[in-house]
Amino acid sequence: MANTNSPRASRSGTTAGMRESIKKAVTEMMVLFLLRQKPMYTYEMSQELTRLTDGVYTFNTLYLAIYRLQEHGYITEAGKQEAGNRLRVYFKLTDAGQRYLDELLPTYREMIGALDSLLAQDGKLYKEE
């Protein structure tokens, strides 16, 4: 029997759960997109994603996505800078990351377009049945 008291179980089947799933699915793509614009450090990326999406996408941390993208060779460190008592590690897109983003964007647009097209048919499908 599933544990319905876990935080994950309590979000399943909710709009908050769907929001989290969509956010997880597109986080890496958004990081790659930002780094295509310019090298950034992790907190800066988080703040920019919130700002550029008018608060629709907010992140407590992007470190897991950063680690995965580094592991695949899609991003790399672009330098470090000390700011007050913090060390900022800047990241940049690699050539492999550029190619990966170029592959992701058409796939994303195709899938979102198909979903939008399907949802636009609400109430119009299966009228003859």
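On a predicted model such as this, the values are computed, not experimentally measured, just so you know. Every heavy atom of this structure was used, including side-chain atoms; hydrogens, water molecules and symmetry mates were not.
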Are [X] and [Y] in one and the same hydrophobic cluster, where Ile, Leu, Val, Met, Phe, Trp and Tyr link if side-chain heavy atoms are under 4.5 Å apart?
{"X": "Tyr108", "Y": "Leu119", "result": "no"}
{"X": "Met18", "Y": "Met29", "result": "yes"}
{"X": "Leu115", "Y": "Val56", "result": "no"}
{"X": "Ile112", "Y": "Ile22", "result": "yes"}

Roughly how far, to the nearest 0.5 Å, is [atom2] of [Y] from [atom1] of [X]?
{"X": "Leu87", "Y": "Asn85", "atom1": "CG", "atom2": "CG", "value": "10.5 Å"}
{"X": "Leu69", "Y": "Leu62", "atom1": "CG", "atom2": "CG", "value": "10.0 Å"}
{"X": "Gln47", "Y": "Tyr41", "atom1": "CD", "atom2": "OH", "value": "8.5 Å"}
{"X": "Met30", "Y": "Leu49", "atom1": "CE", "atom2": "CG", "value": "5.0 Å"}
{"X": "Tyr43", "Y": "Tyr63", "atom1": "OH", "atom2": "OH", "value": "11.0 Å"}
{"X": "His72", "Y": "Thr94", "atom1": "NE2", "atom2": "OG1", "value": "12.0 Å"}

If every non-hydrogen atom of [X] is compared with every non-hydrogen atom of [Y], which pair is closest and at what distance?
{"X": "Leu93", "Y": "Tyr74", "answer": "CD1-O, 3.6 Å"}
{"X": "Tyr100", "Y": "Leu32", "answer": "CD2-CD1, 3.5 Å"}
{"X": "Thr50", "Y": "Phe59", "answer": "OG1-N, 4.4 Å"}
{"X": "Gly73", "Y": "Ala96", "answer": "O-CB, 3.8 Å"}
{"X": "Thr107", "Y": "Glu103", "answer": "OG1-O, 3.2 Å"}
{"X": "Val31", "Y": "Ile66", "answer": "CG1-CD1, 3.9 Å"}

Kindly indicate whether the side chain of [X], heavy atoms from C-beta on, has any atom under 4.5 Å from the side chain of [Y].
{"X": "Leu34", "Y": "Phe91", "answer": "no"}
{"X": "Thr15", "Y": "Arg19", "answer": "no"}
{"X": "Thr27", "Y": "Tyr57", "answer": "no"}

Intermediate values then yes/no, side chain to side chain contact (heavy atoms under 4.5 Å, CB included), Met40 and Leu35: CA-CA 7 Å; Met40 293 185 190; Leu35 293 178; 4.1 Å; yes

Asp116 atom CG, neighbour heavy-atom count above 12 within 6.0 Å: yes

CD (Gln37) with more than 12 external heavy atoms under 6.0 Å: yes

Check this for me: does any side-chain nitrogen of one of [X] and [Y] sit under 4.0 Å from a carboxylate oxygen of the other?
{"X": "Arg36", "Y": "Asp102", "value": "yes"}
{"X": "Glu71", "Y": "Arg68", "value": "no"}
{"X": "Glu44", "Y": "Arg51", "value": "no"}

Quick check against the 3.5 Å criterion: does Ser117 have a side-chain atom that pairs as donor or acceptor with the backbone of Gly113? no

Please check if the side chain of Lys38 supplies one atom and the backbone of Lys92 the other of a donor-acceptor pair under 3.5 Å. no

So Tyr90 and Gln81, side chain to side chain donor-acceptor pair (under 3.5 Å) or not? Walk me through it. CA-CA 8 Å; Tyr90 285 80; Gln81 180 182 3; 3.0 Å; yes

